[in-house]
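Report on one structure; see the data block that follows.
Below, chains carry the letters A, B, ... as their sequence lines are ordered, and counting in each starts from 1.
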Amino acid sequence: MSATKYDRAANIARAEAALHDVAKIKRAEIVFWLAALASVFFLQDQYLLLNEVAITGLFALSLDLILGYGGIVSLGHAAFFGVGCYAAGLLTKYGVQDPIIGLFIVAAITAALGFATSFLVLRGTDLTRIMVTLAVGVLLGELANRLPRLTGGADGMQGIDPGLLLGRFEFDIFGQVAYIYSLIVLFVLFVIARRFVFSPFGWSIRAVKENQLRTSAIGIPVTGRLVVVYTVAAAYAGVAGALLTQTTSFASLDVLAFHRSADLLLILIIGGTGYLYGGIIGALLFKIVQDAIATFTPEYWEFWIGLILVAFVLIGRERIIGAPMWIWRRLRGAA
Amino acid sequence: MTVALRTHNLIRRFGGLVATNDVSITLEQGARHALIGPNGAGKTTLINLLTGVIPPTSGRIELEGEDITNASRAHRVERGLVRTFQINQLFPNFTPLQSVCLAASRRLGLDRNLWRGIGSDKRVLDSAIDVLERFDLIDVMTSKVSALPYGKQRLLEIAVAIACGPRVLLLDEPAAGVPEGERGEIMAGLAQLPADVTVLLIEHDMDLVFRFASRISVLVQGGLLLEGSVDEVANDPRVKEVYLGEEAHG
């Protein structure tokens, strides 16, 4: 097996193409974002719901970064979302009216919080991590409850009046400006995340999830990598929280509640992890189903959501997504 | 001769068990050195000490003159001390190409890049392809690692280490589990290693050891029994007794 039997140039070209192919923008992705753009023009009466979807999608994207790429299971991701919510509210109330400057400040605050807590979280293995993330979330929730002068406590934070977006657009009651704003922020952060996960750094984080032992054996510091991705994800979650406060002018203890973290995991289970779109698609399905069920049975919607999720987990995402494809193929085959 | 790797009175205790007992070993640059010993002799513990997976109880480790006893794992790899594993430690959902590209990116210090694609650097591609060609992995370089036959995975296990650009390579039973007929591929890959790369081979397959190594150290119960050339070790009565046993008479 001498090296001369190979055509080096051809192999390099083939390798380059293969590596490029993985990161290439697929047609389905373009369709996805065009559909998102179309929703701005054709779903005017759904802006409020869509705004929630975009924010939850961004929040889920942030969890996907640490779960789908870093392999860290977190049950307390709402901590960063909630801190983002309250931080944005406080900023708006006490001086920083500009929403976009607010986003940057919130990102910095939650990144710092993520960085600081990452060392706690990354110490243990899976089960410990779940408990620690859960504990951090509960702790912050209780802290917000005990500081009513700062957070409004159980009544929620009132009197948040965000300034004009870009100095021109006022957040209207139909949620048009809100949705467009959230969607653009989601898109920009998505593009950054996409670039990030296909960079050598992104590959090294996937490697950590694949095999920690080998990753450290090729000289990549495992903990260091996870600290970075955890910090970035915290900032993303914080921005999602800030968007919620800015677009709804309200923040309540609910944003730090445990069920937010749990819902988020469910959203990722529905949408799938490790390809970035799972969070957004999951958020869309989750919110639509939630909204639809809440309309016909406002009291028992949680029961139906639960039932659907049990069915989902039992049947499996691949089979549910695969079913229409299978039927389509059968129909075409028969024709 | 320059010394590539040297240990001074290395000791590692696990409670009452002495897994590594006063091991002083010297590898000259470019050496093809084998480490043999019966099961439980402490071979893997020694590798773990050398690569920094566990710290020694006492003793020192020097890599090309630098004391690395307390250096981080990443630093040791950066300085060129790289290992393979007895049980495959691969990235199952990567392709072989992605695996070696990641290792090569790390070697070239590009692994902290957040923005460019992994295949955008020509040096990474070139060294990745070079390694894949040498280990006959070109044809499967874009298949999923977990879907590769075991023999190919075994080759990749070594190829990933080579892509790290080792100065000293520690091979932990590279032929473990590989059927007789496929060992030639692994040998061929190893034979093409640059002459100035120092190799410490841990292996049970005596055939492979005798073909590959020029010097052999025998480890028994954590301590060095003897060190010598292939002939010396093969004909030493103590070795026959503790390690080769009855089979050595053939």
Beyond-backbone contact of [X] with [Y], side-chain heavy atoms, under 4.5 angstrom:
| X | Y | answer |
| --- | --- | --- |
| A:Arg206 | B:Leu102 | no |
| A:Tyr6 | B:Asp130 | no |
| A:Ile218 | B:Phe91 | yes |
| A:Leu19 | B:Leu125 | yes |

With a cut-off of 6.0 Å (strictly less than), are more than 12 heavy atoms of other residues, nucleotides or ligands near [atom1] of [X]?
| X | atom1 | answer |
| --- | --- | --- |
| A:Leu34 | CG | yes |
| A:Tyr277 | OH | yes |
| A:Phe104 | CZ | no |

Part of [X] lying under 4.5 Å from any heavy atom of chain B:
| X | result |
| --- | --- |
| A:Arg14 | both |
| A:Phe198 | backbone |
| A:Val22 | side chain |
| A:Ala207 | both |

With rounding to the nearest 0.5 angstrom, report the CG to CD1 distance, A:Asn11 to B:Ile129.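 It is 5.5 Å, given to the nearest 0.5 Å.
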Rounded to the nearest 0.5 Å, the OG1 atom of A:Thr215 sits from the CZ atom of B:Arg106 at a distance of 11.5 Å
Residue [X] versus chain A: region with a heavy atom under 4.5 Å:
| X | value |
| --- | --- |
| B:Thr142 | side chain |
| B:Ala161 | both |
| B:Arg112 | both |
| B:Leu90 | both |

Shorter than 4.5 Å, heavy atoms on both sides: which option in [options] has the most such pairs with chain A?
| options | value |
| --- | --- |
| B:Leu110, B:Ile118, B:Thr84, B:Thr95 | B:Ile118 |
| B:Leu132, B:Asp126, B:Ile138 | B:Ile138 |
| B:Val82, B:Asn93, B:Val124, B:Val53 | B:Asn93 |

Which heavy atom in [X] sits nearest to a heavy atom in [Y], and how many Å separate them?
| X | Y | result |
| --- | --- | --- |
| A:Ala217 | B:Arg83 | CB-CG, 4.5 Å |
| B:Asp111 | A:Arg225 | OD2-NH2, 2.7 Å |
| A:Gly219 | B:Ala74 | O-CB, 3.5 Å |
| A:Ser216 | B:Arg73 | OG-NH1, 2.9 Å |

Most contacts with chain B, counted as non-hydrogen pairs under 4.5 angstrom, among A:Ile220, A:Val228, A:Val222: A:Ile220
Can you check whether B:Asn88's main-chain N or O pairs, donor with acceptor, with A:Arg214's side chain at less than 3.5 Å?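 Looks like no, no N/O pair under 3.5 Å.
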